[in-house]
Peer 1: 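Can you keep this structure in mind? I'll have questions shortly.
Every value quoted in this text rests on a predicted model; they were computed, and no experiment measured them. The analysis underlying the following values was restricted to heavy atoms, covering all of them including side chains, and did not include hydrogens, waters or symmetry mates. By convention in this document, chain letters (A, B, ...) are assigned in the order of the sequence lines, proteins followed by strands, and residues within each chain are numbered from 1.
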Amino acid sequence: MKPFVEVNGLCLRFETSQSNILSNISFKLNPGESVLLLGPSGSGKSTLTSCLNGLFPRELDGEMEGDIFIDGKRTTDYRPGELSRQVGVVFQDPETQFCMLTVEDEVAFGLENIGEEFEEMSAKIDAALSLVHMQEYKESAIASLSGGQKQKLALACILALEPSLLILDEPTANLDPIATKDLIETIKNLQGKIPFGLIIIEHKLEGWTDLAERCLLLNRQGEIFYDGSLRHAIRRNRLQLMEQGIWLPKTAQYLLNSQPDLEELPLTVEEFSKFASTLVNVKPQPRKRTAAYTADTIVETHDVTWSTKRRDIISNVSLMFGDGEFIAIVGANGSGKTSLSRILAGIQKPSSGSVMVKGKALKDWKESLLRQEIGYVFQNPEHQFITNTVFEEVAFSLQLKNENNMEEKVNLILEICELLELKHEHPFSLSQGQKRRLSVATMIVDDQSFLLLDEPTFGQDAHSNAELMHLLQQRHQSGSTIVMITHDMEIVDQYATRVIVMNNGAPVADCPPEKLWDMTPEKLKEWQLELPVSVQIQKICEEEAYYVSTTS
Amino acid sequence: MFLQRLNPSLKALTILLFVVLLALIFDPITPSLFLIWTVSITFLFGKVAWKKYVLYFIPFMIFAFGMLWTTVIFADAPANKNDILLIFGMEYPRESILTALALSLRVLNVAALSLLFIFTTNIAHFILSMMQQLRLPPKIAYAVLAGYRFLPMMRDEIKIIHDAHRVRGVNQAKTIKEKWNNYKRYSIPLLASAIRKAERTAMAMESKGFTGDKDRTFYRQFTIRKTDWFFPLVMLIGFTTAVIVSFEMGFLKIFS
Amino acid sequence: MANWRFKEIVVMAALSVVFGVVYLAFLPLGGVLVGFFGPIGYDFIFGIWFIVSIIAAYIIRKPGAAFLSETIAAMVEVLIGNAIGPMLIVTGMVQGLGAEAAFAATRWKNYSVWILMAAGVGSAVTSFIYGYFMSGYAALAPGYVTAMFIVRMISGALIAGLLGKALSDGLAQTGVLSSFALGKEYRKKNAA
């Protein structure tokens, strides 16, 4: 079969950097074939996407060598725009893929670009929207859609152009678990209906592994170090995968921890349940948790309510936050997690009720003193940066206080956060993971004892994630209280000493994680929560053991 | 309604034409008559909520008032110094008063014409129509539309950045210099994020096959129909009538 | 249009949105100033209207950047709800031409602080001529008109020229301008 994509000896370097972002990339892809493209942050995955859809070398500031053939023709021989009929891309950020105001206009935009006749357009728009089940939103304003719906719209826009190859460039990185599942489900359904090849770029593999068996693995130098079956890679190149910070499927990861020499590795919980009878003795793993310290209350809320004109965001919340706890706040999007955390940090004033910090009402605190007690790490760390170098960034709040031996202190913090060698860089030029750690650094430099974090592990590779969690655990060990909002149940299970579930603006559960996992599946479903993979596996094992013991 | 269905480009050009014509008039009668005409047309042929209209009109009134009194005070020396009007017991040259009235009425006229346009036009359609009727390059048209989508994002970001900086202990500025530094700290992350968003959007649009080529098809097609010419015609009738009446009354004054 | 990267044009539009929000915030202030001082009230802050063209020209450094960006900014303005409507586009083009003239005089080679300030003054001049005709400044006393003109030029040089440069330089330091002329210049400077 003639390959649909053929890449030979592709090397690419940006003007801004000394080294190649992609080195000697060669691979082939048959028509209709699906492949996972995995690699740590900064390994050039998105750059490769730009090469495949013809944007590079046209829009490249830098040098590119090697050949790329799409459907037997060099990408540079296509006229600008022509390749969009062959290769379509869904990008990561749902906010920046559109230029029109309504759904139908946006789908039409692509069709207009390829010169589709006016008479055909309406039917094609309907067809594309129905493929992603978005027909009823045809006339909606794009601004009124949720993140997940926006990504489905982005997909519909691409599908309307009927490309032979679809590239998904981390399409779920900004979505919550429910929307992620929905998008993956939508794509799975498409595969039966229309023919297309698929390149999937993702950090977390959950849900994607049954879409593609083959994977291409990139390392930090931008080289392909593996091309073949994912199972085989996990079996044979596991160390390399981990070294490169590539996430393994959670199920595989968990099983490997207890049985490192396992031959046949299930990639999903469903697969595991089929294997379960042969694998019954998966021992539960010790958690990484550090114990909670004292039970002194550091922050408490009494009957806190916050409402906007339209509705109550937070209603009647009374909670205690003990000194030395590691607390996870979980819940569906829009359940009030972020609002609660902002109220706790004194960023948002509640409409009624009171917040006490160390026994003193929040409103009686002097702002500058409060900031020495409470740190808050925003979802997008860039928003918090205010100076021109990493060093100054950390030094900033110490300068406000004219502290002596500042330099020493800053260096120490930078070392803890593994940022010391970057201290002269501009904060904006750091990688995602480094930015997160820097914003944590700025929030612990005053020895803040109460640290709030809003989804700090969003969209990071395995390596940055581990570094961040290690850092937080260190803080916890040295006595800080950590409160983090997260969608990642694995983190909740591994690190949290207590979990608070938010639903419709109020806490509906407040207990140690184990207790939450024991609640009925109906309840968890209502709160849009999923059990962590480790717990799911343990439950299967228990059932299996029960089954064995009752039948023998 | 008629005004809503009008071709947006033609509507805009008509408005521009009359703004230019108004700039030639320096007497108060012509603009006051034309003002009545424009406002009547707006409410007769366009479905406009009068409360909102008034709300938008008020800032122009304030502006016009400022125009009025300063023009009286800072007016150029009048040709006929003895022709005097008494207002609140003060003497003013009649000519200065008339010119001041003319200028502030001009402001109100421009306001009425603008509001006629913005209250009856889908502005996104205006941009699309400029591409189809006025040869606006597609690269500019779609960049502007894409930029418009950033507006709510920017508003949210300003708020987030404000909060994020507060948490860092920034907002203790008291002197003007500190405040100025704070504004600068805000603006850099805001602009940086705008630029990055713009780059990503441009990339997404190009990967959907956008090249900026003028030869493209349109899902929303705008044309100028014969009935569209009715609007400039009606406005011209109103303007000519105003000029004639003003002339008959002996007030008409064209570019002095 | 052919020698423009689409990316550059969208960036202009995005910058325009940010300043569009700023403009809208300034409009009522301008209104109040006019209420007190008459037409000259606007002239104090008039420079803020030209800042996009200075920033775009300084960052992108292509012939037409100042004109195009001010035109786009005006269109974005209309779109985000400026009540002056379609007239604003003409105003934007007139202002853009003034700034563009200053850059054209150096054959688009020189982007020093003086030229940026001159560009701000250029916008002030063209916008004043346009305003003289459209708003009937002819009826005002020559002394007052001269004062307006001088204030507007100073505002153009300081707010548009100086502030525009300061913001662009701050942006260049963050590295987000790496694919634009100003970012490339910074890199060369740092490498040297």
Peer 1: Heavy-atom cut-off 4.5 Å, strictly under: side chain, backbone, both or neither for B:Leu136 against chain C?
Peer 2: side chain
Peer 1: Can you tell me which portion of B:Val110 sits under 4.5 Å from chain C's heavy atoms? Options are side chain, backbone, both or neither.
Peer 2: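 Both backbone and side chain.
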Peer 1: I need the residue from B:Thr201, B:Leu103, B:Leu68 with the largest number of non-hydrogen atom pairs under 4.5 Å to chain C.
Peer 2: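 Going by pairs under 4.5 Å, I would pick B:Leu103.
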Peer 1: Under 4.5 Å, counting heavy-atom pairs only, tell me which of B:Ile118, B:Ile15, B:Ile188 racks up the most with chain C.
Peer 2: B:Ile188
Peer 1: With a 4.5 angstrom heavy-atom cut-off, could you sort out which part of C:Phe180 is near chain B: side chain, backbone, both or neither?
Peer 2: side chain
Peer 1: So which part of C:Ser179 gets closer than 4.5 Å to some heavy atom of chain B, the side chain, the backbone, both or neither?
Peer 2: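 Answer is side chain: those atoms of C:Ser179 sit under 4.5 Å from chain B.
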Peer 1: Can you check whether anything in residues 158-171 of chain C gets within less than 4.5 Å of chain B, heavy-atom wise, and list it by number?
Peer 2: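 Listed by number, the contacting residues are C:Leu163, C:Leu167, C:Gly170, C:Leu171.
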Peer 1: Sort B:Ile127 into side chain, backbone, both or neither according to what part of it lies under 4.5 angstrom from a heavy atom of chain C.
Peer 2: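 Contact with chain C: side chain only.
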Peer 1: B:Phe119 versus chain C, heavy atoms under 4.5 Å apart: side chain, backbone, both or neither?
Peer 2: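 Neither part; nothing is under 4.5 Å.
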Peer 1: Considering only heavy atoms, which portion of C:Ala73 lies under 4.5 Å from any heavy atom of chain B: side chain, backbone, both, or neither?
Peer 2: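 Looking at C:Ala73, nothing touches chain B.
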Peer 1: Under 3.5 Å, side chain of B:Asn109 to main-chain N/O of B:Pro31, donor-acceptor pair present?
Peer 2: yes
Peer 1: Check each atom of C:Val21 against the heavy atoms of chain B and say whether the ones under 4.5 Å are side chain, backbone, both or neither.
Peer 2: side chain
Peer 1: Determine all donor-acceptor pairs shorter than 3.5 Å in which one atom belongs to a side chain in residues 141-149 of chain B; sequence neighbours excluded.
Peer 2:
unit_1: B:Tyr142; atom_1: OH; unit_2: A:Glu112; atom_2: OE1; d: 3.1
unit_1: B:Tyr142; atom_1: OH; unit_2: B:Arg216; atom_2: NH2; d: 3.2
unit_1: B:Arg149; atom_1: NH1; unit_2: A:Glu95; atom_2: O; d: 3.3

Peer 1: Heavy-atom pairs under 4.5 Å with chain C - which of B:Ile62, B:Leu191, B:Thr99 has more of them than the others?
Peer 2: B:Leu191
Peer 1: Which atom pair, heavy atoms only, marks the closest approach of B:Lys139 to C:Phe6?
Peer 2: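 For B:Lys139 versus C:Phe6, the nearest heavy atoms are O-CE1, 3.4 Å.
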Peer 1: Just by modelled atom types, is the C:Ser69 backbone N or O under 3.5 Å from a matching donor or acceptor in the C:Ser53 side chain?
Peer 2: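 Side chain of C:Ser53 to backbone of C:Ser69, a donor-acceptor pair under 3.5 Å: no, none is there.
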Peer 1: Side chains of B:Phe222 and B:Pro8, heavy atoms from C-beta outward: is any pair under 4.5 Å?
Peer 2: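 With C-beta onward as the side chain, the pair touches.
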Peer 1: So which atom in B:Gly46 and which in B:Thr120 form the shortest heavy-atom distance, rounded to 0.1 Å?
Peer 2: CA-CG2, 4.3 Å
Peer 1: Taking the ring of B:Phe18 and the ring of B:Phe34, is the distance between their centroids below 6.0 Å?
Peer 2: yes
Peer 1: Among C:Val145, C:Ile80, C:Val76, single out the residue with the greatest number of heavy-atom pairs under 4.5 Å to chain B.
Peer 2: C:Ile80
Peer 1: Can you tell me which of C:Ala13, C:Ala141, C:Gly175 forms the most heavy-atom pairs within a distance under 4.5 Å of chain B?
Peer 2: C:Ala141
Peer 1: Identify each donor-acceptor pair in which a side-chain atom of residues 83-97 of chain C lies under 3.5 Å from a protein atom, sequence neighbours left out, and give them as a table.
Peer 2:
unit_1: C:Thr91; atom_1: OG1; unit_2: C:Met87; atom_2: O; d: 2.9

Peer 1: Check whether B:Glu206 gets within reach of chain C through its side chain, its backbone, both or neither, counting any heavy atom under 4.5 Å.
Peer 2: side chain
Peer 1: Less than 6.0 angstrom separating the ring centers of C:Phe103 and C:Phe67, yes or no?
Peer 2: no
Peer 1: Pull out the residues in residues 108-136 of chain C that come under 4.5 Å of chain B, heavy atom to heavy atom, sorted by number.
Peer 2: C:Phe133, C:Met134, C:Ser135, C:Gly136
Peer 1: For the pair B:Asp27 and B:Lys253, find out whether any cationic side-chain nitrogen is under 4.0 Å from an anionic carboxylate oxygen.
Peer 2: no
Peer 1: Would you please classify the geometry between the B:Phe74 ring and the B:Trp69 ring as parallel, tilted or perpendicular, with 30° and 60° separating the classes?
Peer 2: tilted
Peer 1: Using a 4.5 Å cut-off on heavy atoms from C-beta on, say whether the side chain of B:Ile161 contacts that of B:Arg185.
Peer 2: no
Peer 1: Answer with side chain, backbone, both or neither: which region of B:Met130 has an atom nearer than 4.5 Å to a non-hydrogen atom of chain C?
Peer 2: side chain
Peer 1: Between B:Leu105 and B:Pro28, which heavy-atom pair has the shortest distance, and what is it?
Peer 2: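 Where B:Leu105 meets B:Pro28 most closely, the heavy atoms are CD1-O, 3.4 Å.
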Peer 1: Between C:Thr174, C:Leu79, C:Ile9, who has the most heavy-atom pairs with chain B when the cutoff is under 4.5 Å?
Peer 2: C:Leu79
Peer 1: Does the side chain of C:Lys62 reach to within under 4.5 Å of the side chain of C:Leu68, using non-hydrogen atoms?
Peer 2: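 No. Closest side-chain heavy atoms not under 4.5 Å.
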Peer 1: Relative to B:Phe26, does B:Arg106 satisfy both conditions: NZ or CZ under 6.0 angstrom from the six-membered ring centre, and within 45 degrees of the ring's axis?
Peer 2: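 Positive - B:Arg106 is close enough to the ring of B:Phe26 and near enough to its axis.
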Peer 1: Should the pair B:Phe60 and B:Phe57 be assigned to parallel (<30°), tilted (30 to 60°) or perpendicular (>60°) ring geometry?
Peer 2: tilted
